[in-house]
Structure formats: structure tokens, C-alpha cells
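These notes concern the structure reproduced below.
Predicted, not measured: the structure shown is a model, and the values here were computed from it. The figures here come from the full heavy-atom set of this structure, side chains too, leaving out hydrogens, waters and symmetry mates.
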Amino acid sequence: MRTATRPGRTRIWDRFAASDPGLLRLMAGLRTVGAIALTLAVLALLGAGKTHLVAGSISAMAATFAIKEKQQRQQAVTLALGLVVALAAMSLGALLSTHVVMGDLFFLALIFAAVYSRRFGDRGTALGLIGFQVYFVSLFVRAGVPGLPGLCGTLIVAFVCSALVRFVVVPETPERVLRRLRAAFRARLAQLVAAQIELLDAGPDRAEKALEEVRRHTARLHESAMMIQGRLAEGTSDSATAALVQRRIADAEIAAERLGVLILTARSAERADTLTLHLPDAPVPAASDRLRAQDGTTAILRRDLEALRLLVLRPVAEDRGTGVAHVRNRLLGYRDEENLPRASAAVQDVFRGIGETGRSVLGLRLALDGPQDESDDTPSTTRSREELDAEDIAIAKEEEDEEDAHDPTGWKRPTTRTAVQVSVGSALAIVGGEFLSSQRWYWAVLTCWVVFLNTASTGEILVKGYRRLLGTVLGVIAGALLASLVGSHTWTAFALVLLFIFAMFFTAPLSYALMSFFVTAMLGLLYTLLNTYSTGVLVLRIEETALGATCGVIAAALVLPVNTDRRTDELLATVLKRLGEVTGAAVDQLSGGPAIELLDKARDLDTALDDLRSSTQPLTHPITPLRARRQTARYLVALLETCAYHARSLAATAELLPYSKTVAADPRLKGAGRRIAHNIDVLVARVEDDDTEGVAETGPSLASMLETDRPGLPRHDRVTDRVLRHLQRLDEGVIGLARPLKVPVSTPANMASRGPAA
């Protein structure tokens, strides 16, 4: 196929869109910087002094970044309520400025209320953040009663400017965000296919690096899919459209991940384990001559992978002509056995994988871009379209079921526990901070506050505190250099402040240490503007930061503690339960049971797995001295990712049953799935300490169990080989989890020798 070269700037934009899915970080940075810049411009026109400029800048930043709701109407209500909270916080900060003890007690009460308010959702979280940040501003600018009217006017200007930027200058709607997220998903899918091409071509010296790139792009594609999942309800017109987009995204993700496994197998001496794609630093399987011995077939394979990548990226508007239709038909033709080139079974599997990925890309384009030209379709393409149309009809008839999550009460509720911990830690930080400096003690409180945000265990708080301290030390060095260069150039300093604020928001999801660096460098410039800068102030910043992080860790460890092991065990049990739910429901449907919504269950599993992955960061962090536990944690997470992939694939295949000509229900699968269900139950009981005597069972492969059950069964009465492979890999993955969890594993033979108790 002859394809026009895309403009260089378009390729660069595609890469940028893939690196920032939905442009969420870019828009957050632009909104915040725009709100601050507009606030500064208005205050400058009104003749405000430096103190009001600084107060307006921080208030505009808080009013912008605190609001996370997706609908504009909800954002407007929260912003209006936030202004009331901000005026109250500033007034109380000014009134209590001369009453040290009362001011400290109120600050602690405010901290407790701000953290506790997170239980009321995005609005409660936003109002709590605004209240805390504005009270912090009152301490930072040393607000007093005489200057209170001017500061309240500054707050009003900051909130109005934030609203103008949010709703007029840089407007955001759920539909627009979802549209950009879908574009990012396509870009990341194309990047994954490009990485798979590199893996196909990689020699022995580059194989490890190529495999690591495939792992990285597979994880990035999954991240995009999860982000889309979180925006579907608000960004689509109805539940049927949301379900259709969810299905197509899931199909494309599963097909692309499976294609990577097939390519790895084709270039290996034996079948590659799916775990190889999920376990960091896992070695590349030994190479074989399957591909090198078939140069012609390898060239065709490379050509078709490149065609698949271009098909993913190509806009529908450019699909005119027979060239694109010819390529699409060729790729979809690999779904039929007669169109496969003569090659080894492993290489033929890769061509089949290309065909299935091509089908998922076609479905994705139909769901996102609408109907397309069908005049040049071949029978293979027509069959794929008919299957997709049948799925669309079935999805349109499905009803969504929602379950209410159990919300613990009292001290067990996470928001209550965290509020108490932060309050105790902040009290310690106030006392310790006063010994370091009676003027800057609030920096220790701020650090104690932020290390608790988005953390749930003592280990997570320790790692976050370490990262903040590292970023602060580097930021102090940068702030000192910049302060000496800027001097008394006010607007140059403000321009650099805006630049650092943008960098802070753009890098926040990527690196907390980097974000802390930009925050501290920005503060050095703000102190310069307030004529309070000195090297001693920035050194004090390091001391207060270290003190605040230490107080946070002490409070987390001694007050209603949640240690890392307990937290990870809870999340591990949740992941295993959801794995059992998805697997059990998929096997039941593949066995002929009633159809239910499986992809929602699969995404719930993915969400639980993401939470577990985050909670294990203290165990897998490079600074941890427990190397054996680090390896065990990484191995467990990789095994669970592998199991989740196979469970997703089973769920997607099970949903094809009502309209597929290649997948048929097989009642025998119900029996084959019992072993997996039993083993998952044993693992859950061991993790929750409900049963330490349970034994995981292993034995013959599931495929052999089916064959011996009813030998000679006609092909059309059994599930496809792919379903059997997924079940077998899932069975092996669950048994693999038993070993690091110290669950005994028994075969039927030694279970019989142990007697009935086994």
C-alpha cells in the first residue's frame, strides 16, 4: 500500500497525545496558569501590592486545581461554595493571627474537617482543600484584621478569574475529554504495534530492550483503557453507547496484548508464557530460527504489522480509495485458515493474531467514527462486519447493574482514620515547627498534610515523605540560584512562577519528587517577591519539610495504624475475589449459563489490581532494604496481571456466544472451572487468615480433562482452542500464586494418600 507521509508536526502531536492521554495534564496546567495570569493582570490594573499579588496567585491556583468534578454545572456550584469557604478561612486566619493558641487549635480543627470532608466525594474534597489552602495563604502573607478587606477582595478576584478561565478560556466538557482519550488510545495502540515490530526484528543484543518497550507500551495502553472507562458515563449520550465503546476498547486491548505474546512465541524456541510480558526484568525466551528460516514469510509479517499500525492511526476521512480497503481486507482475511501463509504453527498464530487485532480495530473505528464504505469488502470483511453488527445489537439490549459498595462506619472509615492521623501529625508538626521557627512553622504542617493525600498505609506515607524531601532539597538549590538571578525584577519572577506552576501540574502524575522540586523553586521566587528571601529561609524549608514528613510517619505508625502488609493483604484479597467472580461468571456463560455483563466485572478487577499495584510501591521501591520481599511483591503483581489478562479474554469471548459462529457453549467447562474456583477460594482464605489448612489442587491440564470426559466430541460442540488456552494459563497462574503465598499444592495422587482430611 502506498501511504502518504504524515506531516512531522502531526506525528509529534500524536506522540504528545499518547504521552498525556486526554491532554488532562496539559489542560490542568493551562487552566491553572491561565487563572493565575488573569488574576495577576486584574490585580495589577487595580494597583494591588506584592502581598495581594502573591495571595491572589495562590488562591487562584487553589480554586482551580481543587475542583475535580466532570460536569460544568457541578464545577460552578463547587466554585461558588468554595468562595464562601475561602472568605471564611481568610477571615478566621486574620482574626486569629494575634491569638497563637486559638489559631493553632482552629488550624488543627480545620485540618481534621478538610480531610474528613473527602468522604463526601469530589465536592467535599474540593472544599476541604480550598479551606486549608486559603488559611495557609493567610499565614503565608501574615494576614491581619486591618488588611482583611483588601485580602477578601483579592480572593473574589481570584475566584472570578478562575471561573472565567475554566468556563470561557479553557473550557472542558466530559465529551471533549473522552474524545481526546479515545485519540490517545489509538495513538498508544499504534505505539504498541510499533514496539511489537521492533521485538520481531530485534537481534540477541537488542531483545531485552525491545521486550521492555513492549511491556511499557502494553501498560500504557491498559492505562488509557482504564481512563476511558472512568469517563464513559459522563462523556457518552446513553448507556448503550457507553457499553459499545467499552466493549470495543476492551477488544482492542486484549487483541493487541495477545498479539505481543504470539510474536514473542514466534521468535522463541518454545511457547512464551504470558507472565513474560508482565514480570519486570523477566528474560527473553531463548531464540529460535522459525523466523530467520522463513525470510519471505517474515517480510510479509513485518509488512502486515506495519499496515496494521497505519490502519490504527489513519483517520476515517482518509479511507477513500481501494488501497486502504485492500489492506483492511487482507488483514481480516487472516481470520480464515485458507488465507494463512505456509509457515510454522507459531508464525501462523501471529497472522491469526493480526487478523483478530484488525477486526478489533475495525470495531473500534465503527464505534468511534460511525458507518464506513463497504463497497470493496471481501467475504472475510463482510463476516467481520456482521459479527460486529450482531454484537452492537446485543449490547444495545443489555441493562447495566450497579452495586452499592460497602461503606464502613466509625473509626474504620478511611477518611475518619486519616483525619485523626493528620490532625495528630499536624499537632506534632506545629510544636516541632515552633522550635525551628516561630514564623515558618506552617511549612511542617503543610508537608504533614500532603504526605497523607492519596496514601493509605504507613509505607506509602514513608515513600511519599522521602520523595517530597528529595524534591525539596533539589528545589532549594534551584530556588537559591534563581533568586540571585532574578533579583528585584518582579514580572520576571512572576513569569518564572507561572512556568513552574505549569510544570508542577504537568509532572504531578508522573513524579511526586519532580513536582516537589518545582513547588520549592517557585516558593524561592515568591519569597524574593515578598522581600523575605534568604538562604536561611530555604534551608529552613528543608528542615520544616523533614520535620513534617517525620511527624506524618510517626502519626501514621502510632495512631490507628494501617501497616503496608495489612493494606496489601486487604487489596490482594479483593483482587482474588474479583478474579474469581470474573472467571466464574465467564466459565458459567461459556458452559451455557445465562448472559450477564462481564466486561464491567473485568474492569472492576483491573481497578482493584491498579490499587494493589500502588499499595506495593513501598515494597518495590529501590530504597527498600528487603530485597526478597521486593522480588516476591513484583512476582505476585505480575502473576495477577497475567491472570487478569486471561480473565478479561475469557469475559470478552463469553460475550461473543450469542452471535458467534466459531464459539459454542460447552457444558463440560463448568466442571473444568471448578478447580480454578476452588484454588482461588483457598488463596483468599489464606490471605484473610480464615483458613490456614486449605490446599490448592493441581492435576491434568484442563484440555485433557475435557477430552477424557467425552472423547470424539464434534468440533462445533466445543469451545475454541483459544478459550482452552486461556483457562489453562489461568489455572497455571493461580497455582503459581499459591507458592509465594505459602499455600500447599497437591495433585490428586498425593491428596488421596493423605486421606479424607486432604
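- Residues D611 and L571 share a closest heavy-atom pair of O-CD1, 3.5 Å.
- Within the 4.5 Å cutoff, no side-chain heavy atoms of K68 are placed close to those of T125.
- The shortest side-chain heavy-atom distance between V85 and V134 does not fall under the 4.5 Å cut-off.
- The two residues F65 and L129 have their closest heavy-atom pair at CE1-CD1, 4.3 Å.
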Decide ring-ring contact (aromatic ring centres under 6.0 Å, His included) for F136 and W443; before the verdict, give the C-alpha distance in whole Å, the side-chain angles of both, and the deciding distance to 0.1 Å.
CA-CA 9 Å; F136 175 81; W443 289 123; 5.2 Å; yes
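- A heavy-atom distance below 4.5 Å is not found between the side chains of L110 and L92.
- Formation of a donor-acceptor pair under 3.5 Å by the D569 side chain with backbone atoms of V687 is not found in this model.
- Partner of L38 under the side chain to side chain contact (heavy atoms under 4.5 Å, CB included) criterion, chosen from V157, V169, L164, V160: L164.
- How far CD1 of I501 is from CD1 of I58: 8.5 Å, rounded to the nearest 0.5 Å.
- In this structure, CZ on R468 lies 11.0 Å from SG on C448, to the nearest 0.5 angstrom.
- By the 4.5 Å heavy-atom criterion applied to side chains, S97 and S138 are not counted as neighbours.
- Side-chain contact check for T447 and E544: no donor-acceptor pair (N or O, by modelled atom type) lies under 3.5 Å.
- S437 places no side-chain N or O within 3.5 Å of a backbone atom of G433 that could act as its donor or acceptor partner.
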Please step through side chain to side chain contact (heavy atoms under 4.5 Å, CB included) for the pair M102 and L105, ending with a clear verdict.
CA-CA 5 Å; M102 288 184 61; L105 292 176; 5.6 Å; no
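- The aromatic rings of F132 and F107 sit parallel to each other, their planes meeting at less than 30°, with 60° as the upper class boundary.
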Given R118 and T418, is the side chain to side chain contact (heavy atoms under 4.5 Å, CB included) satisfied, shown in steps?
CA-CA 10 Å; R118 291 191 297 175; T418 304; 3.2 Å; yes
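- In summary, the side chains of T32 and T64 do not present any donor paired with an acceptor at a separation below 3.5 Å, with no hydrogens or angles considered.
- In this structure, the side chain of S615 engages the main chain of L612 through a donor-acceptor pair within 3.5 Å.
- Here the OG-CG distance, from S57 to L40, works out to 3.5 Å after rounding to the nearest 0.5 Å.
- The closest side-chain heavy-atom distance from T574 to E570 is not below 4.5 Å.
- The side-chain heavy atoms of D606 and R603, taken from C-beta on, include a pair separated by under 4.5 Å.
- Note that the CZ atom of R166 and the CD atom of Q72 stand 9.0 Å from one another [nearest 0.5 Å].
- With hydrogens and angles ignored, the 3.5 Å screen pairs a side-chain donor or acceptor of K464 with a backbone N or O of V450.
- The CG atom of L572 lies 6.0 Å from the CG atom of L741; values are rounded to the nearest 0.5 Å.
- In this structure, the side chain of S117 engages the main chain of G124 through a donor-acceptor pair within 3.5 Å.
- Side-chain atoms of R686 come within 3.5 Å of backbone atoms of K742 as a donor-acceptor pair (strictly under, hydrogens ignored).
- Salt-bridge annotation for D604 and R578: absent, with no side-chain N of the basic residue lying under 4.0 Å from a carboxylate O of the acidic one.
- Put simply, the side chain of L53 does not reach to within 4.5 Å of the side chain of T39, judged on heavy atoms.
- A donor and an acceptor atom, one from each side chain of T78 and R123, are located under 3.5 Å apart.
- F452 and V422 make their closest contact through CG-CG2, 3.4 Å (heavy atoms, listed as atom of the first residue, atom of the second, distance).
- Using a cut-off of 4.0 Å between Lys/Arg side-chain N and Asp/Glu carboxylate O, E641 and R613 are scored as salt-bridged.
- When atom types are taken as modelled, the side chain of Q421 and the backbone of V559 share a donor-acceptor pair closer than 3.5 angstrom.
- L151 and A143 make their closest contact through CD1-CB, 3.4 Å (heavy atoms, listed as atom of the first residue, atom of the second, distance).
- Here the CG-CZ distance, from L24 to F506, works out to 10.5 Å after rounding to the nearest 0.5 Å.
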Do Q74 and K70 pass the side chain to side chain contact (heavy atoms under 4.5 Å, CB included) test, and can you show the C-alpha distance, the side-chain angles, and the key distance before you say yes or no?
CA-CA 8 Å; Q74 297 171 344; K70 299 180 178 67; 5.6 Å; no
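- Side-chain contact between D104 and W441 is present, with heavy atoms from C-beta onward closer than 4.5 Å.
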Going through the distances and angles, do I130 and L81 end up as a side chain to side chain contact (heavy atoms under 4.5 Å, CB included)?
CA-CA 10 Å; I130 290 172; L81 294 174; over 6 Å; no
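- Exactly one residue among L470, L474, T507 makes a side chain to side chain contact (heavy atoms under 4.5 Å, CB included) with L514. That residue is T507.
- For the pair R467 and Y512, the cation-pi criterion (under 6.0 Å, within 45° of the ring axis) is not fulfilled.
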